[in-house]
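My questions will all concern the structure given below.
In what follows, chains carry the letters A, B, and so on, assigned in the order in which the sequence lines appear, proteins first and then strands, with residues in each chain numbered from 1.
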2 protein chains.
Amino acid sequence: MPRTKRGTAPSIRDVAAVANVSVPTMSRYLKDPSRVSEKKRVAIAAAIEKLNYRPNPIARALALDMSESIAVMSADTRLYGRTQTFYGIERKAQEIGYPTTIYVLDSRGGDWMLGSVRSCLDRSPAGVILIDYDRLTDSVVSHIPTTTPLVIIGGPRHEDRAQIHLGEYDSAYTMTKHLLALGHATVHYVAVPSDVDAREDGWRMALSDAHVPAPAPIATTWDAEKAIAIGQQLGNDDSVTAIFAGNDEIAMGVMRGLAIAGKRVPEDVIVAGFDDHTLSRVWNPPLTTIRQHFDEAGEHAVTMLKQQIDDVVNNRPRGEAWTMFDTIAGELVERESTGELVRG
Amino acid sequence: MPRTKRGTAPSIRDVAAVANVSVPTMSRYLKDPSRVSEKKRVAIAAAIEKLNYRPNPIARALALDMSESIAVMSADTRLYGRTQTFYGIERKAQEIGYPTTIYVLDSRGGDWMLGSVRSCLDRSPAGVILIDYDRLTDSVVSHIPTTTPLVIIGGPRHEDRAQIHLGEYDSAYTMTKHLLALGHATVHYVAVPSDVDAREDGWRMALSDAHVPAPAPIATTWDAEKAIAIGQQLGNDDSVTAIFAGNDEIAMGVMRGLAIAGKRVPEDVIVAGFDDHTLSRVWNPPLTTIRQHFDEAGEHAVTMLKQQIDDVVNNRPRGEAWTMFDTIAGELVERESTGELVRG
DNA sequence: CTGAAAGCGCTTACAG
DNA sequence: CTGAAAGCGCTTACAG
């Protein structure tokens, strides 16, 4: 005799028995009630209500080879942009009934990362969202079959995939132009760690367009504390009057360093950041920055993904939702850290 | 004829065929190789290698009524403590091979929350970790069967469950004592939004023990910007010389408000926070606070949960791992925001 | 519209 | 130690 385990939850068979229909009819009803006669429809509805039946997602996933959940791949989830993006994804995903599973792609090496990707794919998620603020894409995207719904947020363009673009190049260009227009000879850039930094590129192009020589960008890490030393160093150089940091946390570190060096912001040096971190408007002085709509990007990614998922569910071929390229642009937010320059 | 779909991935049957063993033998090998004869063991290993076989977690989950994943329930994941805790969980969970699925318990009402909990339970996670920094516990814990592995982080004690305690009461007590010892007549408290706030209780007890009357605590929200107005207000009251904020972000808002009101920190007013936010050491001036080991708490929760999961897997009854109560205490970190008071 | 049958890829008693 | 059988709870052609 087989197991008699049976959890306490009613199965589709139990409901079918109560409603006096076959299991396949139950299944059809679950997928689309209109595929069942009115009479059975009410009987089934009553039985479901009576037994408080909820379909077993795991059994469904096995039969369909597709689980009703969204996988999110991202590096370190503690960084501001990722946290916000993940929040947007989460909220929207939950709204459409998909739980969100996270796979952290960390730097323990490519093999380890590939292991995460495989572990993810083995679980047949309905779709995958890749947060690529670190340019991890190339080592990951190729391992995701083109038949799996996928939306990439950020990163270099993949022509055959759906992707969301944050317009960082344009924003950085705009910011740099803005800082120059405030009357500064040049703008120094403190770079976030990334192989390909669109922010840096935008800064460079703006300087170039203004015929201003670009000072060497200063490299730092994601750790804001590291930026304090950079701020001090820049503060000791009186020729430095405008600093553009790759993100707000770095800008904050730089401002702290400037304070230690005895420089006032914005009187002696102006500082701008990028992202519009929650604390930027609370900083002393409040930080001029580029507002990035991370949560919106996350929500939009889910919407795009859902269209692809629907294609799969309805056996349609890859439609245009699979290669869309949408931009969710940032915008300049001016605050006191770039208040008018007061010269000696 | 049935479907001929069959994904490209090899199934246990394919491997069994290649290795010339039965499917059940394969299954036994997968669970514990020692249950299979040496000869078959090598044949199976070779076949697995050859076909690059990886067991289907969904099929396994259906058969076992338990999926190899950990569910995390939390309110707004963007708040600092939760992000950090989630990171610790994630990292440790991935280390032991369990992906992490998040279920956000938001404030869209109890019914909605209950829906999330049910949706979670329907997917039979191996275990659940509940981050209860908001005192959501009571409305959720009772819906999680005592047979489901569960670890609660924070929140009021549930005697029959495993739980991790952050020692906030003690930390707040210590901090308040410390601030008083710096020579202040009293300490004002700006409260985080929570029905039951151990931090507030610790502050109150410290004042009481020092025979100092407690000023009315000032309520605020999670939004640091709101705290700016509070800071201004406190700054306009010259009798206020020491402020203890319920978390660092609020402390930062308060400091900004004090600056607007023309008060210097720490010369005129000292300020302390709670959590040791990443940016606290970068703030100008750096913030005295209580360092909370959120990531460690998250990792520890996974370790505790794993023990319970092992009990379930091995058909053991609820052991002591199911009702453990461990503390991961915070510690005072002194920085410049509470530097010695200079009286005019 | 509807039911009997077969299948998704695993696991677990049951007999050897 | 090992294989044949039955089952986990769904879905999908296939015939009515």
Side-chain angles (χ1 to χ4, degrees), chain A residues 1-44 48 51 53-68 121-124 312-315, chain B residues 1-44 48 51 53-68 121-124 312-315:
Chain A
M1 218 189 306
R3 274 182 307 167
T4 331
K5 175 182 167 189
R6 283 299 320 280
T8 55
S11 76
I12 196 173
R13 192 165 26 180
D14 301 325
V15 190
V18 170
N20 221 275
V21 300
S22 71
V23 167
T25 298
M26 271 298 302
S27 180
R28 281 180 214 109
Y29 171 90
L30 258 19
K31 184 166 187 191
D32 175 10
S34 77
R35 289 173 52 186
V36 163
S37 68
E38 161 102 45
K39 203 167 144 193
K40 309 226 167 202
R41 216 180 299 156
V42 304
I44 292 175
I48 287 178
L51 299 184
Y53 169 73
R54 290 192 310 282
N56 180 325
I58 294 178
R60 204 176 135 73
L62 180 61
L64 292 175
D65 190 28
M66 167 174 180
S67 90
E68 222 152 41
L121 262 20
D122 281 349
R123 282 154 214 271
S124 308
V312 171
V313 169
N314 298 304
N315 268 88
Chain B
M1 218 190 306
R3 274 182 306 167
T4 331
K5 175 181 166 190
R6 286 297 321 279
T8 54
S11 77
I12 196 172
R13 193 165 25 179
D14 301 324
V15 191
V18 170
N20 221 273
V21 301
S22 72
V23 167
T25 298
M26 270 299 300
S27 180
R28 281 180 213 110
Y29 172 89
L30 258 19
K31 186 167 186 191
D32 175 10
S34 76
R35 287 173 53 187
V36 163
S37 69
E38 162 102 46
K39 204 168 143 193
K40 308 227 167 201
R41 216 180 298 156
V42 303
I44 293 175
I48 287 178
L51 299 184
Y53 170 73
R54 290 194 308 282
N56 180 326
I58 296 178
R60 203 176 136 73
L62 179 62
L64 291 177
D65 191 28
M66 167 172 179
S67 89
E68 223 152 40
L121 262 21
D122 281 349
R123 282 154 216 270
S124 308
V312 171
V313 169
N314 298 304
N315 267 89

Closest to the B:L64 side chain, choosing from D:dT12, C:dT12, D:dT11: C:dT12
If we only count heavy atoms from C-beta on, is the A:E68 to A:P57 side-chain gap below 4.5 Å? no
Remember a base hit wins even if backbone is also touched, and classify B:V36 as base, sugar-phosphate or nothing at under 4.0 Å, heavy atoms. sugar-phosphate
For D:dC8 and A:R13 - does any side-chain N or O of the residue sit under 4.0 Å from the phosphate oxygens OP1/OP2? yes
Nearest-neighbour nucleotide for the B:V21 side chain, D:dG9, D:dG3, D:dT11 considered: D:dG3
From the list D:dG3, D:dG9, D:dT12, which nucleotide is the closest neighbour of the side chain of A:A63? D:dG9
Is B:Y53 close to B:L30 at the side-chain level, that is, under 4.5 Å between some pair of heavy atoms? yes
To the nearest Å, how far apart are A:E38 CD and C:dT2 C1'? 16 Å
Separation of C:dG3 atom P from A:K40 atom NZ, nearest Å, is 4 Å
Check every strand shown and say whether B:P55 touches a base, only sugar-phosphate, or nothing at a heavy-atom separation below 4.0 Å. sugar-phosphate
Rounded off to whole Å, could you give me the CZ-to-C1' distance for the A:R28 and C:dG3 pair? 7 Å
Given DNA chain D, 5'-ward residue of the pair B:R35 and B:A59, judged by closest heavy atom: B:R35
Using a cut-off of 4.0 Å on non-hydrogen atoms, how would the nucleic acid contact of B:Y53 be classed: base, sugar-phosphate, or nothing? sugar-phosphate
Side-chain touch B:I44/B:I48, heavy atoms, less than 4.5 angstrom: yes
Starting at atom NZ of B:K39, determine the distance to atom C1' of D:dT2, rounded to an integer number of angstrom. 13 Å
Rounded to the nearest angstrom, tell me the gap between atom CG in B:D122 and atom P in D:dG9. 13 Å
For B:P10 and B:L51, which heavy atoms make the closest approach, and how far apart are they? CG-O, 3.5 Å
Whole angstrom value for the distance that separates C1' of C:dG9 from CD of B:E68: 15 Å
Rounded interatomic separation in angstrom, taking NZ from A:K31 and C1' from D:dC10: 13 Å
Does B:R60 have a side-chain nitrogen or oxygen under 4.0 Å from the phosphate oxygens OP1 or OP2 of C:dT11? yes
Just call it for A:S37: base, sugar-phosphate, or nothing, with non-hydrogen atoms closer than 4.0 Å on any strand. sugar-phosphate
Counter-base of D:dG3, judged by Watson-Crick or G-U geometry with both distances under 3.5 Å: C:dC14
Can you see if the side chain of B:T25 gets near the phosphate of D:dG3 - specifically, an N or O under 4.0 Å from OP1 or OP2? yes
Residue pair B:N56 / B:I58: nearest heavy atoms and the distance that separates them: OD1-N, 2.7 Å
Could you state the CD1-C1' distance from A:I58 to D:dC10, rounded to the nearest angstrom? 11 Å
